[in-house]
*Asks:* 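This structure is in structure tokens; I'll ask about it shortly.
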Protein chains: 4
Amino acid sequence: MSPTGSRVRDAAIELFAERGFHGTGIRDLAERAGLSSATLYHYMGTKEDLLVSIMTTSLGRLLTAGERLTADGDPLARITALVELHVLTHAVRRLETRVVDDEMRSLSPDHRATVVALRDRYEHLWQDAIDTGCATGAFHVRAPRVARLALLEMCGGIARWYTPDGPIPLEQLALRYAEMALGVLGAAGPPPELAVDSVRRTMALVDEIWLPD
Amino acid sequence: MSPTGSRVRDAAIELFAERGFHGTGIRDLAERAGLSSATLYHYMGTKEDLLVSIMTTSLGRLLTAGERLTADGDPLARITALVELHVLTHAVRRLETRVVDDEMRSLSPDHRATVVALRDRYEHLWQDAIDTGCATGAFHVRAPRVARLALLEMCGGIARWYTPDGPIPLEQLALRYAEMALGVLGAAGPPPELAVDSVRRTMALVDEIWLPD
Amino acid sequence: MSPTGSRVRDAAIELFAERGFHGTGIRDLAERAGLSSATLYHYMGTKEDLLVSIMTTSLGRLLTAGERLTADGDPLARITALVELHVLTHAVRRLETRVVDDEMRSLSPDHRATVVALRDRYEHLWQDAIDTGCATGAFHVRAPRVARLALLEMCGGIARWYTPDGPIPLEQLALRYAEMALGVLGAAGPPPELAVDSVRRTMALVDEIWLPD
Amino acid sequence: MSPTGSRVRDAAIELFAERGFHGTGIRDLAERAGLSSATLYHYMGTKEDLLVSIMTTSLGRLLTAGERLTADGDPLARITALVELHVLTHAVRRLETRVVDDEMRSLSPDHRATVVALRDRYEHLWQDAIDTGCATGAFHVRAPRVARLALLEMCGGIARWYTPDGPIPLEQLALRYAEMALGVLGAAGPPPELAVDSVRRTMALVDEIWLPD
DNA sequence: CATGAATGAGGTTTCATTCAT
DNA sequence: CATGAATGAAACCTCATTCAT
């Protein structure tokens, strides 16, 4: 993407995350991007197109990463990786992920369907890991669907408060969330050194997936 | 409040929850309440005043309930009750709670400060229970502040999907969330029959607190 | 008029004078009068009716007084009395007279015609005195119509700044204006003691005319 | 200024003068300027900004002209020039000057302060000439401050009735006002041919000062 | 006598978007 | 590639007024 195009996109991510889609005006976007509002339209379709593009890109990357991480491994390894992915992504890409999580309602029906389909595929990775783990006896959960919803909210919530200046390094945060998630699922975690290895692998993937931006 | 005033308030809760504050127009409100947009202004100040009133009322009730439930009891009982309260309120009052959780950013600085102060008092009840439980050895958490944030997100998330028509009765849902929360905190739960008693007590309080509406 | 009716009228005079007719809202009037805006309508017709009533009353009294003062006397005495009348009225009834002078343009055509007719009758008293004085050689003016307009503006202007707390007593002010007016007309004034007598007589008339209010 | 910008400004001057600031709607302005009401906002800030700009420009020019005319000369010459300036400006620029004289009350406090400061500087030129003339014995006035106020009202009043179609040429009108003003001040005027010269010089300045518009 | 409730019309200003240059 | 100019629609809110109680 052209550098100016990126500026537009970045401006949109910042403002949509901060003020919401309907709370952000075209002029706000233009000002933040350092352009006139007319010029904006060289780099985007409508305001909603911009939102859709942000959401599909972000969700698409999350899905790609999720699929790679769950291509093999036992349920415990898979859910651990998904939790790490979700937490790290929501921390490293706070703004994009907030837009994805909060602005679904601002989409028109057609666009919403597209985005929801992506999200469903992603969430299916979670549900599958949870269900399999319940079947194998690795997890002890009485309402697996509820567990999925609870875990997703819990892990995604980090985007509402995370800052890199906080007292706990991000790697440690991811470990804590992984522990909490396994607590939710009634599972025992792996030994610490394996857990650290897992987080580092996931972090590397997150960096790779978001690199081209 | 006058019946018409209630209709205005209810319309606002529905629409703010569904479309967001900035996504809801005065005409939408008027139409939903069955009034002309001019008449709306007999029952509210500005649109933001209406939002503030909804948020402070809702948060105020949650805080009152939380304070009552944590007036005594050991940390396990207190955190259990708070989880139940949060889950039940977010299920029974899906719309209000979504507005409270999502529209903080739509408030002007002054109003935001007021609302944030209320929320902080409420969240302090959680932090206090968690910290005490960690100190007594009832909980095993390495990052108590993170645990609080994670639990609040997890439990509040129910407002994003709950419907009374779902396959799991609300009482059971609350029990599941309590179990998951104790898993997050690395704690063992009480025997089932005591847990049911607790949920029923909390449900009664929720009903009472929200009655006058 | 009922005491409440007077309050309404007084409120209108104050606010119309201060903010102008279009700058004054019905609610402003109601608040100033200590009534609800609905109750206002027991004491007036439309907002414009209220304006018309204020203007015709005020102009009517000025006209009555002017006619009395010019019923006899030579041109110098008549113009002196008119100047005194105009100045004293605009000082003692600053607000009414400002409304009369400034809000003609806010009247609808019909009402305007009525008010203009009154004003014309009043101004004719001035023109007549001036013209007669020119004919008798008492005044030396090359453009008598312009002189009339200039004098009326000059004398009425006192309503834009007069306050009873000023350093110069009102009686003195009236004398100064009379002197200036005669200067405008190229006429010599009467001896001081006669001038004072005249002002006092005019002041008494002003008090009488405005008494019933 | 762009031609369209001028049209907006001209429309505002006409309508504010005719109907008053509060009596003029944005749609009236747009219609008069031949624009949509949205387009109006490319050429102005708020409606009040437009008013402020009109007032400061107009007053600023009057002040500049006044300063030039009173840079030297004896009190009689200075006051004569000021009277001519005031009269000619109020005749040639009837609408602007009416807005300046009538709409001070429509300004918000901050803007009002700015405009009042300009007006005070302008009026100070008058007061200074009057006071000096009294000191030198050129004028005979017992209340110099009152004289200033009276003269300003008298001369500015021409904007309320002047039309170029009237029976008296503007140059003659200015002479008549100068004579009347000297009458107010108890002063004898210059011989006719000098007076005519003075008016012509002042008229040239007025034309020059208002040219760039 | 007084008012709360109600409203259609209109207030000023901003919206997202287009297009000629 | 960039923008100033333009606009219909809509934003939030207030207007003057009526009427049942």
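By convention in this document, chain letters (A, B, ...) are assigned in the order of the sequence lines, proteins followed by strands, and residues within each chain are numbered from 1.
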*Asks:* Which nucleotide, if any, forms a Watson-Crick or G-U wobble pair with E:dA9, using both distances under 3.5 Å?
*Replies:* F:dT14

*Asks:* Expressed as a whole number of angstroms, how long is the span from D:Leu50:CG to E:dT13:C1'?
*Replies:* 14 Å

*Asks:* What verdict does the salt bridge (charged side-chain N to carboxylate O under 4.0 Å, His left out) test give for C:Arg160 and C:Asp102, after you've listed the backbone C-alpha separation in whole Å, the side-chain angles of each residue and the deciding distance to 0.1 Å?
*Replies:* CA-CA 11 Å; C:Arg160 296 186 197 284; C:Asp102 291 350; 3.1 Å; yes

*Asks:* Map D:Ala38 and B:Asp28 onto DNA chain F by nearest heavy atom, then report which one ends up closer to the 5' terminus.
*Replies:* D:Ala38

*Asks:* Which residue, C:Ser37 or D:Gly34, contacts DNA chain F at a nucleotide closer to its 5' end, judged by nearest heavy atom?
*Replies:* D:Gly34

*Asks:* Rounded to the nearest angstrom, tell me the gap between atom OH in B:Tyr43 and atom C1' in F:dC13.
*Replies:* 17 Å

*Asks:* C:Thr46 has a side chain; which of E:dT18, F:dT17, F:dT14 sits nearest to it?
*Replies:* F:dT17

*Asks:* Do C:Arg61 and C:Thr89 have side-chain N/O donor and acceptor atoms under 3.5 Å apart?
*Replies:*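 Short answer, no.
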
*Asks:* Looking at E:dA20, which nucleotide sits across from it as a Watson-Crick or G-U wobble partner, both distances under 3.5 angstrom, or is there none?
*Replies:*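 Its partner is F:dT3 (Watson-Crick or G-U wobble, both distances under 3.5 Å).
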
*Asks:* Starting at atom CG of D:Leu40, determine the distance to atom C1' of F:dG4, rounded to an integer number of angstrom.
*Replies:*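 Result: 16 Å.
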
*Asks:* Base, sugar-phosphate or nothing for B:Ser2? Non-hydrogen atoms, less than 4.0 Å.
*Replies:* nothing

*Asks:* Hey, is the side chain of C:Thr39 poking within less than 4.0 Å of OP1 or OP2 on E:dT3, counting only N and O atoms?
*Replies:* yes

*Asks:* Determine whether more than 12 heavy atoms belonging to other residues, nucleotides or ligands lie under 6.0 Å from atom CD of B:Glu48.
*Replies:*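 It does: B:Glu48 CD has more than 12 such atoms within range.
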
*Asks:* Checking contacts here: which listed nucleotide (E:dT18, F:dC13, E:dA2) is nearest the side-chain heavy atoms of B:Tyr41?
*Replies:*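 Closest nucleotide among those given: F:dC13.
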
*Asks:* Could I get the full list of salt bridge (charged side-chain N to carboxylate O under 4.0 Å, His left out) partners for A:Arg27, not counting sequence neighbours?
*Replies:*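 A:Arg27 satisfies salt bridge (charged side-chain N to carboxylate O under 4.0 Å, His left out) with no residue once adjacent residues are dropped.
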
*Asks:* State which of F:dA16, E:dT12, F:dC13 makes the closest approach to the side chain of D:Ile26.
*Replies:*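 Looking only at side-chain atoms, D:Ile26 lies closest to E:dT12.
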
*Asks:* Would one find a side-chain N or O of C:Arg27 under 4.0 angstrom from OP1 or OP2 of F:dC15?
*Replies:* yes

*Asks:* Would you mind telling me which of F:dC1, E:dA16, F:dT7 lies closest to the side-chain atoms of D:Ser36?
*Replies:* F:dT7

*Asks:* With side-chain contact (heavy atoms from CB on, under 4.5 Å) as the test, would you mind laying out the steps for C:Met55 and C:His111 before giving the verdict?
*Replies:* CA-CA 10 Å; C:Met55 292 180 83; C:His111 287 136; over 6 Å; no

